[in-house]
Amino acid sequence: MKFNAQNFNDYDNIILFGGCNSKKLESMYQQTKDVIKYTAFCPNNSDLSDLCAEIKQLKRLKKTEVFQCSKALVIISYENPVYIKKCADELKKIGIAFDHILNYTFNIDLGILNLLGYNQYVDYMGNEISFKGKYSLSKICIYKDKVLFSDKCSKNIIKLGNLHIVDKLSVLLFGKNSEILIGDDTSFINSSIQISTDGKIKIGKDSMFSSGILLSHADQHLIFDLNTKERVNANKNIKIGNHVWVGRNAQILGGAHIPDNCIIGGNAITSHNFTEKNCIIAGNPAKVIRKNIIWARDNQAYDYQTYDECKDQRALQYLD
């Protein structure tokens, strides 16, 4: 299901649907009021004494009145995932547009989008997000820099396959017109992807990322030649092939290309364009330390001595 949050100005009624405690609701309201202009408020209880004057001054609506509004966009503020989904299902059934208040801050939780039923989403800044799979809250979060996005226009593209998230994947956007592509069946334990203007990070299918991994296609600050005053640290894209295993605390930086069926050793750091498949790459700076390997996800506890014993045979489809 698709939703484009850039179209919020097309609605005559933008209704804040209260569903959390007063302190939290006021905090989220203050974060979003300059982005989206609320016209009404539907509280979930009658005690409004702790709310700020701005919310109290909004037109008060009952739930039944919300469901009867024309050209309405309901901004859900529930925190409980059960209530978020229930509210979204009700609004979808009667044909009223809806979104969640947190999507108008500087981060987007794909768990929220899942609860809303959106797997294709354009946020109010123009970032296009599409993904497969189901994710619980805080598993995949997209963060947008508050200073760089002050003009509310960014146009980044994020396309995620059906990923396996053991802990958390954080995507940090530091600019505009970038692109992040990740293929199906790739797994993350606790990793961070950072990307800035005009960059591209592409990860193929069936890869495996351990914990503490950083992918960053650009330095966060500028470096210039002292004599020419020209920049010397231009942004460079990152490309990771299919069935790549990235070890704990590795850093894959701008310019890196990791071919299919390779292994990146723990704590390795690289920005190199490797060209040979089926290799182990390790060290700082990273280099090829072994060639002609193939790896499987089977746990070492099984103590298999040949690849043919392994249940995971997916690497074979990426051999030449």
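Numbers here are sequence positions counted from 1. Note that the coordinates shown come from a computational prediction; the quantities given were computed from them, not determined experimentally.
A donor-acceptor pair under 3.5 Å is absent between the side-chain atoms of Ser191 and the main chain of Phe188, judged by distance alone. The main-chain N or O of Ile101 is never found under 3.5 Å from a side-chain atom of Ser77 such that the two would form a donor-acceptor pair. For the pair Glu65 (side chain) and Lys62 (backbone), a donor-acceptor distance under 3.5 Å is present. Within the 3.5 Å criterion, the main-chain N or O of Ser138 finds a donor-acceptor partner in the side chain of Asp109. Remark: side-chain polar atoms of Ser154 are not paired, donor with acceptor, to backbone N or O of Asn156 under 3.5 angstrom. Looking only at distances, no side-chain donor or acceptor of Ser178 sits under 3.5 Å from a matching main-chain atom of Gly199. Although no hydrogens or angles enter the test, the distance criterion places a donor-acceptor pair under 3.5 Å between the side chain of Asn80 and the main chain of Val82. A distance-only check finds no donor-acceptor pair linking the side chain of Lys205 to the backbone of Gly161 [under 3.5 Å]. Without hydrogens or angle criteria, Ser210 side chain to Gly247 main chain gives no donor-acceptor distance under 3.5 Å.
Here Tyr38 contributes atom OH and Glu54 contributes atom CD; the two are 11.5 Å apart, rounded to the nearest 0.5 Å. From Leu115, atom CG reaches atom OG of Ser136 across 9.0 Å, with rounding to the nearest 0.5 Å. Between the CG atom in Asp12 and the OG atom in Ser70 there is a gap of 6.0 Å [rounded to 0.5 Å]. Here the OH-CG distance, from Tyr135 to Leu113, works out to 11.5 Å after rounding to the nearest 0.5 Å. Within the model, atoms CG of Asn242 and SG of Cys262 stand 11.5 Å from one another, a figure rounded to the nearest 0.5 Å. Atoms CD and CZ, on Gln194 and Phe174 in that order, are 5.0 Å from each other to the nearest 0.5 Å.
Connection of Val166 to Phe209 is not established within any shared hydrophobic cluster, with ILVMFWY side chains joined at heavy-atom distances below 4.5 Å, either directly or through further cluster members. Residues Met125 and Leu173 are members of one and the same hydrophobic cluster, defined by side-chain heavy-atom contacts under 4.5 angstrom among Ile, Leu, Val, Met, Phe, Trp and Tyr. By the rule that hydrophobic residues join a cluster once side-chain heavy atoms approach within less than 4.5 Å of another member, Ile240 and Leu214 end up as members of separate clusters. In the hydrophobic clustering of this structure, Ile293 does not group with Val244; members are Ile, Leu, Val, Met, Phe, Trp, Tyr whose side-chain heavy atoms approach within less than 4.5 Å, directly or through other members. Ile203 and Ile165 fall within a single hydrophobic cluster, where Ile, Leu, Val, Met, Phe, Trp and Tyr are joined by side-chain heavy atoms under 4.5 Å apart, directly or via other members.
Other residues, nucleotides and ligands contribute only 12 or fewer heavy atoms inside 6.0 Å of the NZ atom of Lys92. With a 6.0 Å radius and a threshold of 12 heavy atoms from other residues, nucleotides or ligands, Arg314 has its CZ atom above the threshold. The number of heavy-atom neighbours closer than 6.0 Å to OH of Tyr83, taken from other residues, nucleotides and ligands shown, is 12 or below.
Shown here for Val246 and Ile213, the closest heavy-atom pair between the two residues is O-CD1, 3.3 Å. The shortest heavy-atom contact between Lys200 and Asn237 is N-OD1, 2.9 Å. When all heavy atoms of Gly133 and Asn114 are compared, the pair lying nearest together is O-ND2, 3.5 Å. Of all the heavy atoms in Ala268 and Ile281, the pair that sits closest is CB-O, 4.5 Å.
Proximity of Leu116 to Ile76: side-chain heavy atoms (C-beta onward) are separated by under 4.5 Å at one or more points. Under the 4.5 Å side-chain criterion, counting only non-hydrogen atoms from C-beta, Tyr78 is not in contact with Lys86. By the 4.5 Å heavy-atom criterion applied to side chains, Pro43 and Arg60 are counted as neighbours. The side-chain heavy atoms of Leu169 and Leu163, taken from C-beta on, include a pair separated by under 4.5 Å. Side-chain atoms of Ile15 and Cys69, non-hydrogen and from C-beta on, do get closer than 4.5 Å to each other. Looking at Leu137 and Pro81, their side chains come closer than 4.5 Å, going by heavy atoms from C-beta outward. In this structure, Arg231 and Asn233 have side chains that are in contact, with non-hydrogen atoms separated by less than 4.5 Å. Between Asn235 and Asp198 there is no side-chain heavy-atom pair separated by less than 4.5 Å.
The ring-ring contact (aromatic ring centres under 6.0 Å, His included) test applied to Tyr104 returns Tyr124, not counting sequence neighbours. When the ring-ring contact (aromatic ring centres under 6.0 Å, His included) test is applied to Phe98, the partners found at least two apart in sequence or on another chain are Tyr118. For Asp123, the side-chain hydrogen bond (donor to acceptor under 3.5 Å, both in side chains) test picks out Asn127, Lys144, with sequence neighbours left out. In terms of the ring-ring contact (aromatic ring centres under 6.0 Å, His included) criterion, residue partners of Phe274 (sequence neighbours excluded) are, by chain and number, His272. The side chain to side chain contact (heavy atoms under 4.5 Å, CB included) search around Lys24 returns Cys20, Asn21, Met28, Glu79, not counting sequence neighbours.
There is no side-chain donor-acceptor pair under 3.5 Å between Ser27 and Gln30. With no hydrogens or angles considered, a side-chain donor-acceptor pair links His217 and Ser196 at under 3.5 Å. Donor-acceptor pairing under 3.5 Å is lacking for the side chains of Tyr11 and Thr39. When only modelled atom types and interatomic distance are considered, Tyr121 and Asn4 share no side-chain donor-acceptor pair under 3.5 Å.
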### Query
Can Ile142 and Ile158 be said to form a side-chain contact (heavy atoms from CB on, under 4.5 Å), step by step?
CA-CA 9 Å; Ile142 299 168; Ile158 302 166; 3.7 Å; yes
### Task
Show your reasoning for whether salt bridge (Lys or Arg N to Asp or Glu O under 4.0 Å) applies to Lys56 and Glu26.
CA-CA 11 Å; Lys56 290 179 181 179; Glu26 183 173 343; over 6 Å; no
#### Entry: Residues Gln120, Phe131; criterion side-chain contact (heavy atoms from CB on, under 4.5 Å); working and verdict
CA-CA 7 Å; Gln120 296 183 59; Phe131 61 95; over 6 Å; no
### Task
Could you check Asn119 against Leu110 for side-chain contact (heavy atoms from CB on, under 4.5 Å), going step by step and ending with a plain yes or no?
CA-CA 8 Å; Asn119 61 357; Leu110 264 61; over 6 Å; no
### Task
Please assess Phe67 against Glu90 for the test side-chain contact (heavy atoms from CB on, under 4.5 Å), listing each intermediate value before the final yes or no.
CA-CA 9 Å; Phe67 290 171; Glu90 286 182 316; 4.1 Å; yes
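Applying the side-chain hydrogen bond (donor to acceptor under 3.5 Å, both in side chains) test to residues at least two apart or on different chains, the pairs with a partner in residues 284-302 are Asp206-Arg297, Glu276-Lys291.
Between Lys85 and Asp89, at least one side-chain N (NZ, or NE/NH1/NH2) sits under 4.0 Å from a carboxylate O, which counts as a salt bridge.
Among Leu319, Ile294, Asp260, Ile263, the one residue that satisfies the side chain to side chain contact (heavy atoms under 4.5 Å, CB included) test with Asn278 is Leu319. Each of Asp99, Leu73, Asn9 was checked for a side chain to side chain contact (heavy atoms under 4.5 Å, CB included) with Ile36, and the lone residue meeting it is Leu73.
Outside the 6.0 Å centre-distance limit, the rings of Phe17 and Phe41 are not counted as a close aromatic pair.
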